[in-house]
Structure formats: C-alpha cells, structure tokens
Amino acid sequence: MKIFYNNVFKNYFLLMITLFAEELIFRYVVGSPMIDWAVLRIFVGVNILSLICAALFSLCGRIASNILTFMVALIGTVYAIAQAGFENYLGVFISIGTSSQAGAVKDYIVDYFQSFSWTFWLIAVPLVFLLLFYLFADHRIKVLERNDTIDFADKFDSAERKEQNDKLLLSKRRKRVLNGRINAVVIAILLGIFYYNTLTLDFMQNSIQLKSTKELFVNPDIPNIAMGQFGYAAYAFVDIKATLVPSNVVELTGYENSYTKPEQNFNDYTRYIDDQVWEKIIANEKNANYRKLHNYFISQPITEKNDLTGFFEDKNLIVIMMESTNNVVLNEEYYPNLYKLYNEGWSWENSYSPRNACSTGNNEMSGMVSLYTINNLCTANYHKNNVYPQSIFNLFSNAGYNTSSFHNYTEQYYARKVIHPNMGSGHYYGVVELGIPFSNVYQEWPSDIELVNKMLDITEDEERFMVWMTTVSAHQPYGQSSELGNKYLEMFEDTNYNTSLKRYMSKLKEFDIAIGTLIEGLEKQGKLDDTVIVLYSDHYPYGLSNNTLNSYFDYDVSEQFGVDKTPFIIYNPNIQPEKHREYTSFMNLVPTIANLFNLEYDPRLYVGHDLLSEDYENRVIFADGSWIDEKAFYNASTGKIKYVDDNDAYTSEEIKKINTDVKNKISMSNLAIKTNYFNYLDETKKEYNVTEIEEDTPASS
C-alpha cells in the first residue's frame, strides 16, 4: 500500500488497470481475438497513456489529479461503449471523418440503444471500481501516509511541531511526486520506442492481414482492423492524428512505377480500346499519385464482350436503390410484387450490401461509379464536387438517353442536389421539387408510392430514359410508432415476430405496393416490355438486432456478414427467369449494365466486374476488406479465414494474393476519389486530343 503514497504512481496504476481491463472487455464484446499479439501492443499503449496522464496531472495537486484521472477513464468508457454500439449498429467503428453519422444516430437513439447487447455495459465495470476506490480508499491511503511519515508521539505535540510535521509531509510528497514524474516520463519514452517497433516486428504481424499495422498507424482508413490492432484508446489517437495530419501516401503492390498492358486474345468478343492518348499522359505524368492511378487502372484486364452483350440494347433503364431492404421481402404472401420480380427476373442468391459508416450515401455512390468509398469518411458528401465521366448516368447520356434521378427526402443527410448532377444526372428531383409531402419528424418518412407516381408522370413523354430512384419508406426507426410502421400491422398480427420487426415489415409493404404501382404504370404507358428494372439495397435494416432478424430467417445473420444479405434483381417481362449463385454486391452494377446495354465503356475504370462475363471474379468484398466467396470467408478484422470445406482450402500464398488484390482495389478507389482522378484523366485526354488536332491541322497561308 505504501507504493500508493506516490500520487503519480497511484494514478498511473489505477488508470492503466482501468483502461486495460476495459480494452480486454471491449475486445470480448466486439469479437476480437483475446489471444493475440495485438493485446501486448494495446497493453504497452495503455501504459504510455497512463504514464503521460499521471505525470501531467501531478502538476495540478492531489485532488485535481484524481479528478482528471477519473475523467480520462470516464471519457474512455463512454467512447468504448459508443464504439461497440456503432460497430453493432453500422457495421463499422466510427471515426472523425464519419462523425456526421453520430448526428444521424442521435435521431434514431431509441433504435440505437435497442440494438445494444447487454454485454456492452460490462465495459463500464472497471470504471465503477475506480470510482469506489477514489470514494472510499484514497482518503485511507492519505491517512496512512501521514501516520507513516510523522512520528506518532509528535502528532499531539505543540502547534509548532504540527507545522513542522506538515512541512515534512509536504516535502516528502513533493519529492515523491517529482521522482514519480521523472520516472513516468522516462518509462513512457522507452515504452514509446518499443511500441513503435511493435508496428513492424515480424512476430507481431499477421501475415495475411489486409494492410500492415504500420500503414494503419499512419492512416487508420480501415477502422475495424485498426481497432483490433491498437485498441480503442490508441485508435482514437491515430484517428485524431490522421485527421490533423492527413496522409495521401498509398502503398500499392505491383503497379508502383510501371504498368503492364493487359493481354488480349483477339476474337469476335474482343473489346477494342485505344490507349495511345492514355500512354502519352502516363509518359509525361509528374504527379506521383496520378502516376500510381494510371499504372493501376490501365493494367487491369479488359473484360471481353459475351453472348449477353447488347441483350437490353436501346431499352429504358430504371435503377432502384431500396432503402433498408433485406431478404425479408422475398415472401410471396406479404410482398407479391417484389417476389414476382425476384422469381421472374434474374436474381442473385448470394448478394450482399456491405455496410460502412455512411451506407446510404456511400453505397448509392458505389452503385453509380463502381468504386469503394473511403471507409472512415462520409465520402459522398465530403467529395460531393467530384466528377465521374464513367458513371452510369454519363454512359447512358453518351448513348443518347435522357437521364434523371429521384429521391423522396430532403438534403438533411446527403447533398444529392450537388452529388447527382456531378455524377451526370440530367436532372435531380428531390422531395420538394416533386411536391411530395414530408415531415421533419424523423420517424415519419414519405411514401414510395408517391415517388413512383411522380417519376412515371415526369418520364411519360420520354422516348429513351435512364432513371435512378432512391426510396425511403422502409427507413428506420422501427422501435417507435409511425404512420407507415403501423399502416399494415394487421397483416402480421398472427405472427410471433416482435413489434419492431412487424413495423419494419409494414414499411416494406408500402415499398412493395410502390413496385406494383411501377409495373402497372409502365404497362399502362406501353413501356414495360421496353424497360429494364434493376433493384439493389443500400443496407440491412439498421436498428433491428440480430436476434430479431434470426426470428425470421432460417440462417444465423450474425455469421459471416449474413446480416448484409440483400436482394439483387434485374427484371424485364420478356426474359427467362434465372437464379444465380455468384457472390455479388452493388459494386458490379455499372459494368454489368453497361455490357447488357452495349454501351461504350472501359471496364478497367471500375473495380467491379460484369457479373455475367466468363471471367467474373466470384467474390464479395466488404468495407473492412473482409471477403467471401464459394470457398471461404476471410474476416479482415480478426485476420482469420473459415472454409466451406477444409479439404478445399487456399494456400497462404493464395490468400496473400487475394488480399493484395483486395487492398489495391480499395486503396486505388480511395485515392481516385480523393484526387478526383477520373475527371482529371478525362480532361487531360481532351487536352491531348485538342493538341494533336491542332498539330495535325495545316497552318493557313
């Protein structure tokens, strides 16, 4: 107990024990491995933080330092619980770049807390013990210290003796604090050196980890992996550091300084692309990041044409991003219209909508440009001024289509009035322009039926159109009463589902009726046969717990990102129904549609692929770099891989190769977005073409 007489050591030890215990509980509740070298790194990091805090707080006096120590532990506790909640709710840990979503969660606070597991509150247990120590044990230590410092016989002597004793006690305390402060700083420096080395020490690395630990320390752009490697306290530090001192340095494997032109076996299906101008740009490129991007994208294989190239040529297209729509809709009794499209069109049984911190806006963006958004940033908003010549809107505009986009809500969460036109939408129709009634009360959302009717009216006289619709009726919250949440509750009164799930299903019913309205409206206009409808979801229904969803499905949604399984449908009344088993996501939408409509496009400018091509890469990549295919599920956050059949496993080299490819796809997508690369490439190509025309034009006499 005497060692606690030194207030620096006492507060260091108490803070270290509290934070490290919380880190261990945090790892347990979020599913990170408990036996891992990362735990050693976290222990060292917690020690460094505790030593620095104890040394600094010792400048403020005993009581103040105790209060400050408790406040640091309190902030850490709240932060850790919030992060566990965000990861459970959004599928990703929150960062400064996605802090705007904290406001969104505030709007749905009831659903947010209802999604909590009771285990999240265990993180606060060490803080309770710390508080009890300060309330009941700290004063006792102070008394013991005085008794041990002052001779017992002198305690009852004169006032002069008492003053001398107090001075002696104060002197010894100051000496202890000074020595403790010096020792804390020295030890913190030594531990800091060791901590930095843990970022590169071979035995502390996971050989199949998607990004190196050192890369993540510089830029924690994959929060789920960074959190597992650093713990919540150090993650907060590197997140702040990366925000204040951003780094655009991107590690790229295989394309750093040169490119290799993709080989093509010329045949009837060859897609010919002239790269002469691009090669000239590369030869003269001075910008290091643009050079990396040039080398990467020009080196990608050019997907050949196939028997389905032009299958839908000259038809109209309607793409619908379905709000919060998962496989619950594949129910003929409740949702006959969506069930019809799923079973009479082309549908994919292993389709996913990977979550990220801003799933609606970011996954809408990915559906339009086939790029992975920046995982720790609300990319669509942050880079709203970017221009993408290769977007789905521009491909159809170049083919002579009228393009437009529709959404039945305001700009409260995403700046679609800027984003959609910059994506190439000929006209963006928001809820105000459409004249659809809406409420600022967050649980009340507009009807998708009205959205469909407005779209049908606007496009009725268009001969060839490409439309993008983003729906909203199925939006959370489900834990609270609402008009659409209650509208069709009687349909589910005979089920054993909880009220939240029933409200969600009620909202889905409104969307299903909207789909029926769309089909009927197109048929009345005589356009149904000449229109292709593509549907995908932005994300699973936030706010519904895994247990709630498990009560509906016959599989465990908590296993292998099963909660992110969503429908993907391509429908036209004249096609033969087909069920596909390929693993896919919205990332493949643009190249698949571009080929089916025989549009002019360069497959290399997308990280997704044509789903119906012979060389389709049968794999889904999630926001944190995890992936799933027909053989295995790789969890990037834990660095573990699980096989469907252990006898059909990847070798370590094969896993590393896949992870390198995944890493490059994500890194190059992110860098292209950060640098507005595709707009730069397009404008530079135009400049080179103009220059060549001028050089080839004879001067007038």
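Index from 1, following the sequence.
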How long is the gap from [atom1] on [X] to [atom2] on [Y], to the nearest 0.5 Å?
X    : Y    : atom1 : atom2 : answer
H420 : H427 : NE2   : NE2   : 12.5 Å
N659 : Y650 : CG    : OH    : 11.0 Å
D448 : E510 : CG    : CD    : 7.0 Å
N635 : S626 : CG    : OG    : 4.5 Å
S353 : Y536 : OG    : OH    : 8.0 Å
N486 : R503 : CG    : CZ    : 6.0 Å

Judged by modelled atom types alone, do [X] and [Y] share a side-chain donor-acceptor pair under 3.5 Å?
X    : Y    : answer
T309 : N598 : no
T360 : D538 : yes
N326 : Y504 : yes
N408 : W445 : no
T566 : S537 : no
D615 : S613 : yes
D624 : N375 : no
N343 : E332 : no
S359 : Y542 : yes
Y488 : D512 : no

Answer yes or no: is there a donor N or O on one side and an acceptor on the other, between the side chain of [X] and the main chain of [Y], under 3.5 Å?
X    : Y    : result
N381 : Y413 : yes
T403 : S397 : no
T325 : E323 : yes

Report yes if some heavy atom in the side chain of [X] is under 4.5 Å from a heavy atom in the side chain of [Y]; otherwise report no.
X    : Y    : value
K315 : T531 : no
K507 : S473 : no
Y540 : L549 : yes
L522 : I318 : yes
M455 : L518 : yes
N316 : M466 : no

If we check ring-ring contact (aromatic ring centres under 6.0 Å, His included) with F492, which of these qualifies: Y334, Y552, Y497?
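Exactly one option meets the ring-ring contact (aromatic ring centres under 6.0 Å, His included) with F492, and it is Y334.
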Quick one: which residue pairs count as a side chain to side chain donor-acceptor pair (under 3.5 Å) with a foot in residues 450-459, not counting sequence neighbours?
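Every candidate side chain to side chain donor-acceptor pair (under 3.5 Å) pair involving residues 450-459 fails, so no pair, neighbours aside, qualifies.
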Steps toward side-chain contact (heavy atoms from CB on, under 4.5 Å) verdict (R619, I658)
CA-CA 10 Å; R619 182 173 297 120; I658 293 171; 3.5 Å; yes
Does [X], at its [atom1] atom, have more than 12 non-hydrogen atoms belonging to other residues, nucleotides or ligands within less than 6.0 Å?
X    : atom1 : answer
K657 : NZ    : no
E463 : CD    : no
E490 : CD    : yes
E483 : CD    : no

In plain terms, say whether [X] and [Y] are close enough for a salt bridge, that is, a side-chain N and a carboxylate O under 4.0 Å apart.
X    : Y    : value
D629 : K631 : no
K417 : E411 : no
K665 : E617 : yes

Check the pair Y335 / F511 against side-chain contact (heavy atoms from CB on, under 4.5 Å), numbers first and verdict last.
CA-CA 9 Å; Y335 312 109; F511 173 60; over 6 Å; no
Ring-plane angle category for [X] and [Y], please: parallel below 30°, perpendicular beyond 60°, tilted otherwise.
X    : Y    : result
Y352 : F622 : perpendicular
Y401 : F597 : perpendicular
H407 : Y409 : perpendicular

Could you tell me which residues satisfy side-chain contact (heavy atoms from CB on, under 4.5 Å) with V418, sequence neighbours excluded, listed by chain and number?
K384, N385, N422
Which residues pass the side-chain contact (heavy atoms from CB on, under 4.5 Å) test with N386, not counting sequence neighbours?
H383, Y388, I673, N676
Identify the heavy atoms of [X] and [Y] that sit nearest to each other, and give their distance.
X    : Y    : answer
N588 : G608 : OD1-CA, 3.4 Å
L308 : N306 : N-OD1, 2.9 Å
N363 : P354 : ND2-O, 3.0 Å
V607 : L371 : CG2-CA, 3.8 Å
L451 : F406 : CD1-CB, 3.8 Å

K565 to Y555, cation-pi by 6.0 Å centre distance and 45° axis angle
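Positive - K565 is close enough to the ring of Y555 and near enough to its axis.
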Let's go through F678 and F297 carefully: what are the C-alpha distance in whole Å and the side-chain angles of both, what is the deciding distance for ring-ring contact (aromatic ring centres under 6.0 Å, His included) to 0.1 Å, and is it a yes or a no?
CA-CA 11 Å; F678 294 105; F297 284 106; 5.2 Å; yes
Can you check side-chain contact (heavy atoms from CB on, under 4.5 Å) on L599 and N398, steps first, answer last?
CA-CA 8 Å; L599 304 176; N398 294 338; over 6 Å; no
Apply the test side-chain hydrogen bond (donor to acceptor under 3.5 Å, both in side chains) to residues S545 and N547: give CA-CA distance (whole Å), side-chain angles for both, the deciding distance (0.1 Å), then the verdict.
CA-CA 5 Å; S545 69; N547 287 337; 5.2 Å; no
Given E520 and K524, is the salt bridge (charged side-chain N to carboxylate O under 4.0 Å, His left out) satisfied, shown in steps?
CA-CA 6 Å; E520 183 180 346; K524 285 182 179 179; 3.4 Å; yes
Show the numbers, then the answer: is there a side-chain hydrogen bond (donor to acceptor under 3.5 Å, both in side chains) between Y601 and D610?
CA-CA 12 Å; Y601 77 108; D610 177 5; 4.9 Å; no
Run the ring-ring contact (aromatic ring centres under 6.0 Å, His included) check on W346 and F312 step by step: do they pass?
CA-CA 13 Å; W346 298 342; F312 293 135; 5.5 Å; yes
Quick one, W468 with F396, criterion ring-ring contact (aromatic ring centres under 6.0 Å, His included). Give me CA distance, side-chain angles, the key distance, then yes/no.
CA-CA 12 Å; W468 185 287; F396 277 89; over 10 Å; no
